[in-house]
Amino acid sequence: MSTPHLDAAPDMIADTVLLPGDPLRARHMAHEFLDDGREVNTRRNMLGYTGFYRGMRVSVIGSGMGIPSCAIYATELARVFGVRRIVRVGTCGGVGDIELGDLLLAQAASTDSNFNRLQFGGHDLAACADFGLMRAAVDTAAAQRVALRVAGVFSTDCFYGGDPQLLARLLAHRIRGVEMESAGLYGVAMREGFQALSVLTVSDHLEHDAHMPPTQREQGLARMTALVLDSLLP
Ligand code: HPA
């Protein structure tokens, strides 16, 4: 079986999928974390791998950037491959009292995208994380003494430009991260009936014009991946 965007064989994708934005990040994560990892998708270079983490079968697939790309993969993974859990592991810009390298769990995702409204008759959908996945991630972080911030994020369609007052609006609503996918992932999950979560590393800060250096970025993403994988274990 294949879809317009995934050329994997039907049984080659696990029912749990980690979804980084960058397909090369997916390859790196598979090499670092998966036993017996096999490449399962190369269509459009959106690399995907399936293997085992401590005995749990898991796939890691790139989502691309932005809600439309992420929503295409999430929808096909759920509808065609029967995926039951999708965790986005990405980066975000920090807002307010959050530091570079911090881990942020996106409890809910506001957005300037029209994607969820198109699916929901023009109404505003409260795009939120799956409670079970959120609780497991929070419990695992506490057990491992890893600091994990739980807050709202904002999924924007505009990496450049957009609302010039956005930062002030985000601060006024205690939103702590800006990225480009979570509201779409959560909306698709609510509609398709799978569990979804986004865990993000703060890679830059909107107010301080600060950016994580590459080695710190690498370590932060590894720490986040380990936490997410551990939280998904039975
Ligand atoms: N904006 C949007 N997406 C992002 C950012 C940002 O500042 N940082 C990482 N992903």
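If you're wondering where the values come from, they're calculated on a predicted model, not measured in any experiment.
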Within-4.5 Å side-chain heavy-atom neighbours: [X] and [Y]:
X: Val178; Y: Val95; result: yes
X: Ser182; Y: Arg88; result: yes
X: Glu76; Y: Pro4; result: yes
X: His205; Y: Glu207; result: yes
X: Leu227; Y: Thr140; result: yes
X: Leu19; Y: Val89; result: no
X: Thr225; Y: Glu32; result: no
X: Val58; Y: Leu34; result: yes

To the nearest 0.5 Å, how far apart are [atom1] in [X] and [atom2] in [Y]?
X: Phe154; Y: Leu206; atom1: CZ; atom2: CG; answer: 11.0 Å
X: Ile61; Y: Tyr73; atom1: CD1; atom2: OH; answer: 9.5 Å
X: His5; Y: Asn41; atom1: NE2; atom2: CG; answer: 10.5 Å
X: Thr111; Y: Glu181; atom1: OG1; atom2: CD; answer: 10.0 Å
X: Phe194; Y: Arg85; atom1: CZ; atom2: CZ; answer: 13.0 Å
X: Met29; Y: Leu47; atom1: CE; atom2: CG; answer: 12.5 Å

Heavy-atom donor-acceptor pair, [X] side chain to [Y] backbone, under 3.5 Å:
X: Thr3; Y: Leu6; answer: yes
X: Asn114; Y: Arg117; answer: no
X: His173; Y: Arg169; answer: yes
X: Ser69; Y: Ser63; answer: yes

Quick one: closest heavy-atom pair of [X] and [Y], and the distance?
X: Asn116; Y: Ala127; answer: ND2-CB, 4.0 Å
X: Gly101; Y: Met212; answer: CA-CE, 3.8 Å
X: Ala183; Y: Ser110; answer: CB-O, 4.2 Å
X: Gly21; Y: Pro23; answer: O-CD, 3.5 Å
X: Leu104; Y: Ala151; answer: CD1-CB, 3.7 Å
X: Ala137; Y: Leu148; answer: O-CD2, 3.7 Å

Heavy-atom neighbours of Met65 CE exceed 12 at 6.0 Å: no
Enclosure of Arg43 CZ (heavy-atom neighbours >12, cutoff 6.0 Å): yes
Would you kindly say whether [X] and [Y] are connected by a side-chain donor-acceptor distance under 3.5 Å?
X: Tyr53; Y: Asp230; result: yes
X: Thr156; Y: Asp112; result: yes
X: Ser59; Y: Thr50; result: yes
X: Glu179; Y: Ser155; result: yes

Are [X] and [Y] joined in one hydrophobic group, where the rule is that I, L, V, M, F, W and Y side chains link up if heavy atoms are under 4.5 Å apart?
X: Val83; Y: Leu185; value: yes
X: Val146; Y: Leu229; value: yes
X: Leu233; Y: Val17; value: yes
X: Ile13; Y: Ile72; value: no
X: Val153; Y: Leu100; value: yes

Residues Val87, Ser198; criterion side chain to side chain contact (heavy atoms under 4.5 Å, CB included); working and verdict: CA-CA 6 Å; Val87 183; Ser198 280; over 6 Å; no
Salt-bridge contact Glu192-Arg84 (side-chain N to carboxylate O under 4.0 Å): no
Carboxylate-amine/guanidinium proximity below 4.0 Å for Asp15 and Arg57: no
Whether His123 and Phe120 hold their rings parallel, tilted or perpendicular, with breakpoints at 30° and 60°: perpendicular
Salt bridge (charged side-chain N to carboxylate O under 4.0 Å, His left out) evaluation trace for Arg174 with Asp97: CA-CA 9 Å; Arg174 275 80 181 170; Asp97 63 342; over 6 Å; no
From His31, Arg38, Arg27, Glu39, residue fulfilling side chain to side chain donor-acceptor pair (under 3.5 Å) relative to Tyr49: Glu39
